[in-house]
There are 2 protein chains.
Amino acid sequence: MRQTSVADDVTRAAVELFAAQGYANTSVQQIVEAAGVTKGAMYHYFESKDDLLFGIYDRLLAMQKRRMDDIVARGGAVDDVLRAVCIDVMETSIASLQEGTVFFRSAHMLSAPRQQEVTRRRREYNDEFAALLERGQSEGLYRTDIPRSVLIAHFFSDTHYLPQWYSPEGPEDATLVAEQLTDLFLRSIRA
Amino acid sequence: MRQTSVADDVTRAAVELFAAQGYANTSVQQIVEAAGVTKGAMYHYFESKDDLLFGIYDRLLAMQKRRMDDIVARGGAVDDVLRAVCIDVMETSIASLQEGTVFFRSAHMLSAPRQQEVTRRRREYNDEFAALLERGQSEGLYRTDIPRSVLIAHFFSDTHYLPQWYSPEGPEDATLVAEQLTDLFLRSIRA
DNA sequence: ATCGACATACCGCGCGGTCGGTCGGCCGCG
DNA sequence: CGCGGCCGACCGACCGCGCGGTATGTCGAT
């Protein structure tokens with residue numbers, strides 16, 4: 001029993017179609033047909049196609065932020081916290097492959113103000129991660145001979161690339177891959 | 001003195017515009033205006049907008065393949081060859097930031113047969129890299145406790161992500177960053 | 001005379017978005 | 001309890017625009 005299944009159904013269909021054929025190649029007509037609703041119903045809940053796309057970004061960003069906040073709030077040794085954060089973001093990236101595909105491919109299709117909003121929230125997320133790294137560096141755990149921005153980019157590159165190669169049907173287990181990628185990252189930044 | 005500057009001018013303008021606003025958001029009209037030619041001239045050299053996009057892929061793929069072939073052909077110790085390959089692909093990725101942006105963002109806008117062609121050639125490239133890794137593993141240089149496909153994905157993730165964060169106007173030197181990213185990768189895969 | 005290299009006006013299509021209308025349920029009132 | 005009216009949820013035919021692509025013409029070189 002959903003409150004309004006229409007908005008959810010439409011969003012789900014949109015994620016699938018955007019991931020499969022791209023935002024620009026997907027017509028609103030296709031989306032509403034896939035969701036089993038009409039155009040009128042969709043435009044009752046969303047202001048525009050752009051609005052629909054932004055909703056996908058909003059949900060993903062909110063979830064990731066919340067998860068990182070939770071882990072950091074639990075506290076503990078920097079090394080443990082960082083490891084937990086890395087594994088978690090890898091796992092959730094794997095769990096949201098379609099959303100990830102849309103996220104990294106269609107950002108430039110958003111209206112300018114919404115692009116800025118997305119950028120702003122991604123920067124927040126980035127800064128929280130950077131702070132963690134910095135703490136580790138000041139404790140002498142992580143190397144300082146490479147700019148922190150490069151270390152951060154090196155990490156996020158893996159989460160970005162996941163939708164491009166990881167297949168749920170493939171042989172690799174999600175949790176295992178998350179641990180392996182985290183291990184590769186942490187080993188490379190150790191002092 | 002170019003043979004036909006028109007095709008080159010159009011391609012250059014297309015790369016810039018596609019990178020800045022995306023393939024779907026860029027009209028043929030915009031491209032020809034930016035290139036200082038007319039639509040008729042463009043359609044004299046290109047069959048379609050899709051053709052134009054594929055040209056970008058074709059050039060980039062051909063260049064990367066050739067460069068890797070050259071380095072591998074020069075021979076030497078596996079470790080040196082792999083390091084040289086990594087640094088070179090990082091450097092050329094930085095030198096082709098705009099092409100890279102288009103490459104990773106607009107693949108799904110190509111017609112189906114051309115997508116397959118791109119996939120095929122990327123796989124060739126991938127396999128050549130994998131062979132190098134495998135040689136290193138059989139010599140005991142690189143770890144084998146993580147699937148090779150994960151190691152490869154971990155490497156290519158950096159080249160994919162570069163257009164998203166690296167700025168030529170930024171403080172980081174291109175060659176230096178290429179070396180740093182290569183160093184991070186090689187350290188993480190060492191046995 | 002021929003032909004390649006363009007120029008330009010034009011076309012049809014498919015898109016995102018709209019708008020007048022329908023319908024069911026619920027609330028106040030007598 | 002019945003009834004009028006109102007409102008939110010939804011329908012679907014329709015619109016205008018901008019797009020990719022084309023057809024016909026021009027012109028200079030060979």
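Note on naming: letters A, B, ... go to the chains in the order of the sequence lines (proteins, then strands), and numbering restarts at 1 for each one. The structure displayed is predicted, hence computed values, not measured ones.
Residues satisfying the side chain to side chain donor-acceptor pair (under 3.5 Å) criterion with A/Q64, sequence neighbours excluded, are absent altogether. Partners of B/F104 by ring-ring contact (aromatic ring centres under 6.0 Å, His included), not counting sequence neighbours, listed by chain and number: B/H160. Shown here are the side chain to side chain donor-acceptor pair (under 3.5 Å) partners of B/S157, two or more places apart in sequence or in another chain: A/S157, A/D158. Under the ring-ring contact (aromatic ring centres under 6.0 Å, His included) criterion, B/Y57 pairs with B/F103, not counting sequence neighbours. Applying the side chain to side chain donor-acceptor pair (under 3.5 Å) criterion to B/N25, with sequence neighbours excluded, gives no partner residue. For B/R148, the side chain to side chain donor-acceptor pair (under 3.5 Å) partners are B/Q137, not counting sequence neighbours.
A heavy atom closer than 4.0 Å to some atom of DNA chain D occurs in no member of residues 15-22 of chain A. Contacts with DNA chain D (heavy atom under 4.0 Å) in residues 101-108 of chain B: none are found.
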Please tabulate, one pair per line, each protein N/O and nucleotide N/O from nucleotides 13-19 of chain C that are separated by under 3.5 Å, including the distance.
from, atom 1, to, atom 2, distance (Å)
C/dG16, OP1, A/T26, O, 3.4
C/dG16, OP1, A/K49, NZ, 2.7
C/dG16, OP2, A/V28, N, 2.8
C/dG16, N7, A/K39, NZ, 3.3
C/dG17, OP2, A/Y43, OH, 2.8
C/dG17, OP2, A/K49, N, 2.8
C/dG17, N7, A/K39, NZ, 3.0
C/dG17, O6, A/K39, NZ, 2.5

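Counting only residues at least two apart or in different chains, side-chain hydrogen bond (donor to acceptor under 3.5 Å, both in side chains) contacts with residues 77-87 of chain A comprise A/D79-A/Y142, A/D79-A/R190. Within the structure, side-chain hydrogen bond (donor to acceptor under 3.5 Å, both in side chains) pairs that include any residue of residues 46-55 of chain B comprise B/D50-B/R114, B/D51-B/R114 (at least two apart or interchain). Within the structure, side-chain hydrogen bond (donor to acceptor under 3.5 Å, both in side chains) pairs that include any residue of residues 93-108 of chain A comprise A/R105-B/H108, A/H108-B/R105 (at least two apart or interchain).
Within 6.0 Å of CZ on A/R59 lie no more than 12 heavy atoms contributed by other residues, nucleotides or ligands.
To the nearest angstrom, P of D/dC10 lies 11 Å from CG of A/D9. Going from atom CG of B/D51 over to atom P of D/dG20 covers 14 Å, rounded to whole Å.
Side-chain N/O atoms of A/H44 include one lying less than 4.0 angstrom from OP1 or OP2 on D/dA9.
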